[in-house]
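Counting begins at 1 with the first residue of the sequence. Computation of the quantities below employed the complete heavy-atom set of this structure, encompassing side-chain atoms and omitting hydrogens, waters and symmetry-equivalent molecules.
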Amino acid sequence: MSEQIALGFCNNVDYEIIWDADIIADLTLRHRIGAGEPDSRITIQTERDLIVSILGFMGAGEGGERFVSGSDIIERLAARFEKKVTLGGTSVRAAIAMQKLGYASTLHLITQNEDVRRLLPPGCPYVCSNAGDSFYPHLIVQFDEGDRVRAGDIDIRARQSNRLIYHYNADRIAMKLSPDFADLLSGARVLLISGFNAMQSGRLLAKRLTAVSRMLERLPADATVFLEDGDYFDPSFRRLIYRALGPRLDVYSLNEDELQAHLQRKVALQDAGQARRALDDLHRLIPAKTIVLHTRYWALAHGERAAHYAAALKAGVTMATTRFRYGDGFTAANYREIEKRAAPAEYTQCAAVINTAADSLFCVPVAAVEQSNATTIGLGDAFVGGFLPALLS
């Protein structure tokens with residue numbers, strides 16, 4: 001059995017905690033965390049380190065993904081909050097999003113357990129590289145613009161809504177691949193590659209990439225290969241992935257946090273000039289055929305046939321904005337409603353300036369929505385879930 005959209009290569013269970021500033025403040029006091037300590041880059045070996053990291057991200061107004069030394073830290077903190085149990089991983093979240101519009105997909109999984117089997121989108125064939133059950137939950141922290149933590153001499157207010165991901169996942173570190181997935185690719189017109197960012201061994205990564213390269217031989221020659229970036233345990237692994245797969249990659253996709261991590265500098269995304277320079281610099285680092293950058297303000301394609309991706313960019317930002325506005329329970333009708341909404345004037349103007357810069361750029365603005373308690377986890381995954389089906393047209 002083969003679907004036209006194939007999604008690899010990993011999945012996991014997420015603990016989405018319900019934000020409670022009082023609990024964070026209480027833990028800040030209990031662990032005696034002072035005003036000079038919040039740091040989003042801290043190595044996380046204890047619950048105290050985890051709180052220091054959360055406060056650091058809030059203060060910086062950024063989102064990100066970080067690794068912890070063991071799942072027990074995640075379980076301990078998650079037990080202090082109300083939480084939802086959901087599925088994570090770009091491939092699975094994209095599959096859930098695109099199914100809302102009637103598209104099925106083929107999945108490669110690395111983790112099985114009762115939650116995975118219960119929550120997988122129905123009607124999507126899959127293979128799993130793990131014969132037995134395993135459970136390594138990811139902690140998802142979401143805060144809204146204006147959320148505040150006051151404890152002792154700490155007073156931190158979030159400048160914008162964002163999400164944080166924390167995990168220690170042995171299945172993602174190993175990233176075993178099932179050769180059976182190749183048998184599902186012969187009829188695929190689109191393939192997503194994602195999930196290698198948690199790996200910690202360059203040698204093992206090279207072995208996995210060799211296996212992916214063999215799978216790519218089973219794809220039709222005109223199929224689109226789309227790679228979604230991530231927050232890497234070892235940032236140098238991005239170069240290994242691009243060296244191994246670059247000639248076959250059609251689209252290299254990333255978000256604003258990942259862009260800034262690549263360039264090691266802040267980028268004012270509403271400044272069209274800064275955005276163009278950032279894309280030029282990124283293209284020198286990653287000479288992909290096309291780079292797709294999705295942000296809270298707009299999404300663009302940069303490179304060969306940029307305008308070819310116009311409909312996919314529009315579908316991607318529509319899907320992400322719909323999920324932001326309506327959460328997991330959004331419907332196809334919600335999607336159509338968001339599709340008709342206009343973008344704020346400042347986003348539209350910025351996109352227009354970017355579009356006049358060069359034929360190698362095509363940018364679409366994000367629609368305006370007002371939302372408190374917004375969903376910030378999985379927006380990049382939702383973007384992918386909108387973008388990929390549009391490539392079938």
Side-chain angles (χ1 to χ4, degrees), residues 1-11 87 89-110 116 119-129 177-196 211-229 245 247-253 288-290 292 294 299 301 304-320 322-323 330-332 335-336 339 378 380-393:
M1 184 175 184
S2 178
E3 302 293 339
Q4 290 188 306
I5 302 172
L7 306 174
F9 281 91
C10 79
N11 65 297
L87 292 188
T90 296
S91 56
V92 176
R93 284 189 180 272
I96 292 170
M98 67 178 67
Q99 193 176 67
K100 304 269 191 177
L101 301 184
Y103 293 93
S105 55
T106 294
L107 288 161
H108 181 289
L109 308 181
I110 60 169
V116 170
L119 296 170
L120 273 177
C124 291
Y126 69 88
V127 299
C128 184
S129 58
L177 300 180
S178 170
D180 294 338
F181 191 57
D183 296 332
L184 301 175
L185 298 183
S186 60
R189 292 175 59 195
V190 178
L191 171 65
L192 167 70
I193 297 175
S194 66
F196 292 95
V212 173
S213 295
R214 287 198 295 267
M215 291 181 188
L216 292 178
E217 294 173 2
R218 301 288 295 276
L219 272 177
D222 60 349
T224 300
V225 181
F226 180 105
L227 185 143
E228 181 69 8
D229 199 30
L245 306 179
R248 188 59 182 89
L249 296 180
D250 297 292
V251 177
Y252 191 109
S253 171
K289 295 174 186 175
T290 302
V292 165
H294 45 94
E304 295 180 10
R305 301 173 68 210
H308 170 74
Y309 295 104
L313 290 167
K314 173 63 175 176
V317 298
T318 300
M319 186 75 84
T322 304
R323 191 166 192 280
F330 77 87
T331 65
Y335 176 94
R336 300 303 176 198
E339 189 177 37
D381 308 331
F383 174 86
V384 174
F387 190 99
L388 297 185
L391 298 177
L392 301 180
S393 301

How close do [X] and [Y] get, heavy atom to heavy atom, and via which atoms?
X: Cys124; Y: Ala104; answer: SG-CA, 4.3 Å
X: Ala306; Y: Ala301; answer: CB-O, 3.6 Å
X: Phe383; Y: Ala320; answer: N-CB, 4.0 Å
X: Ala94; Y: Val384; answer: CB-CG1, 4.1 Å
X: Gly386; Y: Ala315; answer: O-CB, 3.3 Å
X: Ala312; Y: Leu391; answer: CB-CD2, 4.0 Å

From [X] [atom1] over to [Y] [atom2], what is the distance, rounded to the nearest 0.5 angstrom?
X: Ser105; Y: Leu192; atom1: OG; atom2: CG; answer: 9.5 Å
X: Leu7; Y: Leu184; atom1: CG; atom2: CG; answer: 11.5 Å
X: Thr106; Y: Gln4; atom1: OG1; atom2: CD; answer: 10.5 Å
X: Thr224; Y: Tyr309; atom1: OG1; atom2: OH; answer: 5.5 Å
X: Leu107; Y: Glu3; atom1: CG; atom2: CD; answer: 9.5 Å
X: Thr331; Y: Lys100; atom1: OG1; atom2: NZ; answer: 7.5 Å

Sub-3.5 Å donor-acceptor pair from the side chain of [X] to the main-chain atoms of [Y], do we have one?
X: Ser194; Y: Gly8; result: yes
X: Arg189; Y: Leu392; result: yes
X: Asn11; Y: Ile110; result: yes
X: Asp250; Y: Phe226; result: no

Side chain to side chain contact (heavy atoms under 4.5 Å, CB included) between Val292 and Tyr252, worked out: CA-CA 6 Å; Val292 165; Tyr252 191 109; over 6 Å; no
Would a 4.5 Å heavy-atom cut-off, applied to side chains only, mark [X] and [Y] as touching?
X: Leu388; Y: Tyr103; result: no
X: Leu101; Y: Met319; result: yes
X: Asp381; Y: Ile96; result: no
X: Leu120; Y: Leu109; result: yes
X: Glu228; Y: Ser91; result: no
X: Ser253; Y: His294; result: yes
X: Leu249; Y: Ile193; result: yes
X: Leu313; Y: Phe387; result: yes

Report the relative orientation of the aromatic rings in Phe9 and His108; use parallel for angles under 30°, tilted for 30 to 60°, perpendicular for over 60°.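 Phe9 vs His108 ring planes: perpendicular.
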Looking at Val212, Leu191, Leu216, which hits side-chain contact (heavy atoms from CB on, under 4.5 Å) with Arg248?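 Testing Arg248 for a side-chain contact (heavy atoms from CB on, under 4.5 Å) against Val212, Leu191, Leu216 leaves exactly one candidate, Leu216.
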Is the closest basic N to carboxylate O distance between Arg336 and Glu339 below 4.0 Å?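 So Arg336 pairs with Glu339 through a salt bridge.
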Side chain to side chain contact (heavy atoms under 4.5 Å, CB included), that's the test. Do Arg323 and Arg93 meet it? Break it down for me. CA-CA 11 Å; Arg323 191 166 192 280; Arg93 284 189 180 272; 3.0 Å; yes
Does a donor on one side chain sit under 3.5 Å from an acceptor on the other, for Thr290 and Glu304?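 Looking only at side-chain atoms, Glu304 and Thr290 do not form any donor-acceptor pair under 3.5 Å.
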Tell me, with the steps shown, if Met215 and Phe181 meet side chain to side chain contact (heavy atoms under 4.5 Å, CB included). CA-CA 8 Å; Met215 291 181 188; Phe181 191 57; 4.0 Å; yes
